[in-house]
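Accompanying notes for the structure given below.
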Amino acid sequence: MPNVALIAGPVVDLASAASALADTSGLQVISAGNVFREHVQQQTPLGEEANGYMQAGHLVPDELMIRAVADALANVDRGWVLYNFPRHIRQAELLTQSGHVPDTVIELVLAEDQLRLAVHRRVERRIELEPQLAERRQELLLMYMHSQENHQEQIEPLRAYYQTHGLLQTVSGFGDFEDVAARLIPFASDGHRHT
C-alpha cells in the first residue's frame with residue numbers, strides 16, 4: 001500500500017480528510033502533532049526533551065520532530081497517511097533521510113472563491129461553538145485569510161521540492177471531507193501518480 005502525505009492551508013480540514021481516506025483505503029493515519037503530544041503526555045525521553053524546549057519558550061527542533069514521526073511511521077504495518085507534515089523543506093529532507101519517503105504528496109488546494117467561502121464556513125463553525133466570538137467575526141475572517149496567505153508563501157519551497165522529486169499532486173480541497181476523500185482515493189488505492 002502506498003504512503004501518502006497530505007498538505008494544505010489552515011482552512012482545509014486535513015484531519016477529517018485523512019481519516020476518511022484511511023477508512024476507505026485501509027491506510028493508517030499519522031498526525032505529527034498527535035504523535036508529539038503523546039510523547040509529551042507519556043513523558044517518554046523524547047517527550048521530556050521536547051518539553052524542555054517548550055518550557056524554555058523555544059520551538060522544538062525539526063530533528064526531534066522527525067525522530068517522533070519516523071518512530072510512528074516505522075510502527076505502521078501497512079500504508080500510511082501523514083497529514084499536515086512536513087511543513088517545510090528541512091522537515092521534508094529529514095523525513096527522507098529517516099527512510100520514510102511518501103510515495104505521493106497531495107496538496108489540497110482551493111480556488112480564490114472557494115477559499116473565501118471556506119474561510120466564512122470555518123469562522124461560522126467557530127462562532128457556533130463559541131457564540132461569544134460573534135462580535136469578532138470580521139477579525140476572525142481577516143485572521144484566517146491572512147494565515148492562508150502566509151501559508152502560501154511558506155509552502156512554495158516545499159511544493160517545489162516535491163515537484164522536483166516528481167511526488168507532488170494537487171487535488172481540490174473544497175467541499176465536505178467525504179468529497180475530498182473521494183478525490184484522494186485514486187492516489188491511495190494503487191499508488192500510481194495521476195496527472
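Between H151 and P10, the shortest heavy-atom contact is CB-CD, 3.9 Å. Residues L46 and A68 share a closest heavy-atom pair of CD1-N, 3.7 Å. When all heavy atoms of P157 and E153 are compared, the closest pair comes out as CD-O, 3.7 Å. A92 and P86 get closest at one heavy-atom pair: N-CB, 3.6 Å. Looking at every heavy atom in both residues, L110 comes nearest to A118 through CD1-CB, 3.9 Å. V12 and G173 get closest at one heavy-atom pair: CG1-O, 4.3 Å.
S147 places a side-chain N or O within donor-acceptor distance of the main-chain N or O of Y144, the cut-off being under 3.5 Å. The closest donor-acceptor contact from the side chain of R78 to the backbone of G26 lies under 3.5 Å. Judged by distance alone, the side chain of N3 and the main-chain N or O of D103 form no donor-acceptor pair under 3.5 Å. N34 places no side-chain N or O within donor-acceptor distance of the main-chain N or O of I30, the cut-off being under 3.5 Å.
Note that the CG atom of L64 and the CD atom of E49 stand 4.5 Å from one another [nearest 0.5 Å]. Atoms CD1 and CD, from I89 and Q154 in turn, are 12.5 Å apart once rounded to the nearest 0.5 Å. In this structure, the separation between CZ on R121 and CG on D176 is 7.0 Å, given to the nearest 0.5 Å. Rounded to the nearest 0.5 Å, atoms CG (L133) and CD (E128) are 12.0 Å apart. Interatomic distance, CD of E107 versus CD1 of I7, reported as 5.0 Å (0.5 Å rounding). L6 contributes atom CG, which lies 11.5 Å from atom OG of S31 (distance to the nearest 0.5 angstrom).
Residue-environment remark: CG (L129) exceeds the threshold of 12 foreign heavy atoms within 6.0 Å. The local environment of CZ in R87 is sparse, with at most 12 non-hydrogen atoms from other residues, nucleotides or ligands closer than 6.0 Å.
Side-chain contact between V40 and M54: present, with at least one pair of heavy atoms (C-beta onward) separated by less than 4.5 Å. The side-chain heavy atoms of Q152 and E149, taken from C-beta on, include no pair separated by under 4.5 Å. With a 4.5 Å cut-off on side-chain heavy atoms, R67 and H39 do not count as touching. Side chains of E63 and R90 form a contact here, defined as non-hydrogen atoms less than 4.5 Å apart. The closest side-chain heavy-atom distance from L94 to Q97 is below 4.5 Å. Contact check for M65 versus F85: side-chain heavy atoms found under the 4.5 Å cut-off. Inter-residue side-chain proximity for L108 and L184 is flagged as met; some heavy-atom pair is nearer than 4.5 Å. Under the 4.5 Å side-chain criterion, counting only non-hydrogen atoms from C-beta, Y161 is in contact with T96.
V180 and V29 fall within a single hydrophobic cluster, where Ile, Leu, Val, Met, Phe, Trp and Tyr side chains are chained together by heavy-atom contacts under 4.5 Å. There is no path of hydrophobic side-chain contacts, each under 4.5 Å, that joins V4 to V109. V11 and L142 are not part of a single hydrophobic cluster, where members link through side-chain heavy atoms under 4.5 Å apart. Grouping the Ile, Leu, Val, Met, Phe, Trp and Tyr side chains by contacts below 4.5 angstrom, directly or via other members, places V171 with L27. Taken together through direct or relayed side-chain contacts under 4.5 Å among Ile, Leu, Val, Met, Phe, Trp and Tyr, L117 and M145 form part of one hydrophobic cluster.
For the pair E156 and R159, the salt-bridge criterion is met [side-chain N within less than 4.0 Å of a carboxylate O].
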>> H146 vs M143, test: side-chain contact (heavy atoms from CB on, under 4.5 Å). Steps then yes/no.
In response: CA-CA 5 Å; H146 184 63; M143 181 190 76; 5.8 Å; no
>> I'd like to know whether Q148 forms a side chain to side chain donor-acceptor pair (under 3.5 Å) with R116, so could you lay out the CA-CA distance, the side-chain angles of the two residues, the decisive distance to 0.1 Å, and finally the verdict.
In response: CA-CA 10 Å; Q148 184 71 26; R116 281 195 297 272; over 6 Å; no
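L95 pairs with exactly one of L73, V101, D62 by the side chain to side chain contact (heavy atoms under 4.5 Å, CB included) rule, that one being L73.
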